[in-house]
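Report on the following structure.
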Amino acid sequence: MFKPFPTIAGGPSLKRLLVCAAALATMTLCAFAGDPDPAQWDKVLAEARGETVYFNAWGGAENVNTYIEWTAGEVARRYGVKLVQVKLDDTANAVAKVVAEKAAGRNEGGTVDLIWINGENFASMKRQGLLMSPGWAEKLPNWKYVDVEGKPTIRTDFTIPVEGLESPWGMAKLVFFQDTARTAPETMPTSAKALLEWARQHPGRFTYPQPPDFTGTSFLKQVLSEVVTDRSVLTKPVDETRFAAVTAPLFSYLDALNPVLWRSGRAFPQNYPAMKQLLADGEVDIIFAFNPSEASNAIASGELPDTVRSFTFPAGTLANTHFVTIPYNAAAKAGALVVADFLLSPEAQARKQDPKGWGDPTVLAMSKLDAGDRARFAALDLGVATLPPDRLGPALDEPHPSWMERIDEEWKRRYGVGN
């Protein structure tokens, strides 16, 4: 007979008894029998009223924090839900809280209600059975607007099946930036190979954030995706017996690139904001980000000059969807569902795509919106440095999360920590 996990003192109510029928078969998907059901939305709204949702989200950008503040005001006014942002510098910290609570038997009343999750940490939480019951995301009322057909990464996160365990709230695509006051657009590289040649011709004028920073590791994955012999191998977990052979072209590339980087590869910017400052200060000529609107946002905020423009690689760059998810032991599950649904609303998505607010591409399909909401998006001024969707180039799939971890480890072993 299945026995529930230990509980905190006093134990859960009967409706919160932990059942893991799915876990018996998959060892991954556990849930409380009493999880709120988005298919009964009126009950969710009633339960959510008065709840406080602790939203664990990266807090490293003012535009992101401002958007979440606006969201907090809207869900409080409309639904009586209090949203509190817990600002993170690493999503893994939120995951660690949930892991610790499960180990302590705190299977309800947890301190994390909603997480802005990335592929690596989603895979970890799913594997450990730390997520609320599967399927909830696709039952949200605003799911009907989501572009499932046109954006395949909505149902696979870094190759991991989502199974309704997280809700999308934005798109990302790797895009490069240059300052046209110093460099001519026609001289910009069109591939990773061309970037290496450009760097050789312009030593010291390119760099990337130091792994395991997300943006820095994304650059490594972009290069790997371009130089690997068989890209399909990246869709599967790392096979240690083949790791060296598969990644040999990547590290051969980095060995050649390292001596011609900024500061000759002896130091690296710690993160994207630090790399952006190097472009602003004229120390480098090319940078990159995982948001096509980032350059326009930085121009609007005065962080970059208005001569900065975007470019991308014609054969494709990495792309993914980012999500929010709800831990299995969240104290305010109904409130978290209400927030996740509001983040999918056409109003919230349009504000998020507006460079004046955030500039993050929408997960919605314009064809699924009514005329008024389509007009809302059409009226957005995406900014002077934002490429239109038809010029962003093909999307390259993210590798399986295990590649990120192993590549980071090997990078550190070979190149040190800013030595």
Less than 4.5 Å apart, any side-chain heavy atom of [X] and any of [Y]?
X	Y	answer
Lys82	Val75	no
Asp113	Phe55	no
Arg391	Thr312	no
Ile286	Pro189	yes
Thr207	Pro269	yes

| Are Arg376 and Glu347 close enough, and set up right, to give a salt bridge (charged side-chain N to carboxylate O under 4.0 Å, His left out), and what steps lead you there? | CA-CA 8 Å; Arg376 190 197 302 265; Glu347 179 184 355; 5.2 Å; no
| request: Let me see the working for Glu101 and Thr111 under side-chain hydrogen bond (donor to acceptor under 3.5 Å, both in side chains), right down to the final yes or no. | output: CA-CA 9 Å; Glu101 289 173 355; Thr111 59; 2.6 Å; yes
Kindly compute the distance separating [atom1] ([X]) from [atom2] ([Y]), expressed to the nearest 0.5 Å.
X	Y	atom1	atom2	answer
Ser293	Lys356	OG	NZ	11.5 Å
Leu220	Leu250	CG	CG	6.0 Å
Thr247	Leu254	OG1	CG	10.0 Å

| request: For the pair Thr317 and Lys173, evaluate side-chain hydrogen bond (donor to acceptor under 3.5 Å, both in side chains) and give the outcome as yes or no after the intermediate values. | output: CA-CA 7 Å; Thr317 54; Lys173 195 170 193 301; 2.6 Å; yes
When you measure from the centre of the six-membered ring of [Y], is the NZ or CZ of [X] closer than 6.0 Å and no more than 45° off the axis?
X	Y	result
Arg351	Tyr67	no
Lys221	Trp403	no
Arg309	Phe177	no

| query | Considering residues at least two apart in sequence or located in another chain, which fulfil the ring-ring contact (aromatic ring centres under 6.0 Å, His included) criterion with Trp198? | reply | His202
| said: Just to verify, what does Phe122 make a ring-ring contact (aromatic ring centres under 6.0 Å, His included) with, not counting sequence neighbours? | reply: none
| query | For Phe311 and Phe288, what are the C-alpha separation, side-chain angles and deciding distance, and is it a ring pair (Phe, Tyr, Trp, His ring centres under 6.0 Å)? | reply | CA-CA 9 Å; Phe311 68 96; Phe288 53 93; over 10 Å; no
| field | Residue pair Tyr415, Asp255: steps toward the side-chain hydrogen bond (donor to acceptor under 3.5 Å, both in side chains) verdict | value | CA-CA 9 Å; Tyr415 307 110; Asp255 286 344; 2.7 Å; yes
Under 3.5 Å, is there a donor-acceptor pair between the [X] and [Y] side chains?
X	Y	result
Asn93	Asp90	no
Gln349	Ser345	no
Asp285	Gln178	no
Thr307	Thr180	no
Thr321	Lys151	no
Glu108	Asn329	no
Gln353	Thr362	no
Asn142	Asp341	yes
Asn107	Tyr328	yes
Asn258	Tyr253	no
Asn320	Thr153	no
Asp360	His322	yes
Glu398	Thr159	no

| task | Assess whether salt bridge (charged side-chain N to carboxylate O under 4.0 Å, His left out) is satisfied between Arg77 and Glu74, documenting all intermediate values. | result | CA-CA 5 Å; Arg77 180 176 63 84; Glu74 292 300 307; 2.7 Å; yes
| Taking NZ, NE, NH1 and NH2 as the nitrogens, is one of them in Arg155 or Glu163 under 4.0 Å from a carboxylate oxygen of the other? | no
| query | Are any of the side-chain nitrogens in Lys126 or Glu166 under 4.0 Å away from the carboxylate oxygens of its partner? | reply | no
For [X] against [Y], the heavy-atom pair lying closest together:
X	Y	result
Val308	Ala295	CG1-CB, 4.0 Å
Pro134	Leu165	CA-CD2, 3.5 Å
Pro141	Lys144	O-CG, 3.5 Å
Asp408	Pro212	OD2-CB, 3.4 Å

Aromatic contact between [X] and [Y], with the criterion being ring centroids under 6.0 Å apart: yes or no?
X	Y	value
Trp41	Trp136	no
Phe268	Trp411	yes
Phe214	Phe290	yes
Phe176	Phe313	yes

Would you say [X] has more than 12 foreign heavy atoms packed within less than 6.0 Å of its [atom1]?
X	atom1	value
Arg414	CZ	yes
Asp230	CG	yes
Lys139	NZ	yes

| request: List the steps and the verdict of side-chain hydrogen bond (donor to acceptor under 3.5 Å, both in side chains) for Gln128 and Ser124. | output: CA-CA 6 Å; Gln128 297 180 73; Ser124 174; 2.8 Å; yes
| request: Kindly assign one of parallel, tilted or perpendicular to the pair Trp116 and Trp169, based on the angle between their ring planes and the thresholds 30° and 60°. | output: perpendicular
| Parallel, tilted or perpendicular: which fits the ring planes of Phe342 and Trp70, with parallel below 30° and perpendicular above 60°? | tilted
| request: State whether the side chain of Arg231 and the backbone N or O of Leu234 hold a donor-acceptor pair below 3.5 Å, judged by distance alone. | output: no
| query | With no hydrogens and no angle check, is any side-chain donor or acceptor of Ser310 less than 3.5 Å from a backbone partner on Ala385? | reply | yes
| request: Let me see the working for Lys333 and Asp35 under side-chain contact (heavy atoms from CB on, under 4.5 Å), right down to the final yes or no. | output: CA-CA 7 Å; Lys333 290 179 180 177; Asp35 283 348; 2.5 Å; yes
| message | Between Lys412 and Glu409, is the side-chain contact (heavy atoms from CB on, under 4.5 Å) condition met? List the steps. | response | CA-CA 5 Å; Lys412 183 177 179 179; Glu409 291 173 354; 6.0 Å; no
| request: In sequence, state the C-alpha distance, the side-chain angles, and the governing distance for Asp147 and Lys368, and then conclude on salt bridge (charged side-chain N to carboxylate O under 4.0 Å, His left out). | output: CA-CA 8 Å; Asp147 189 6; Lys368 296 182 179 182; 5.6 Å; no
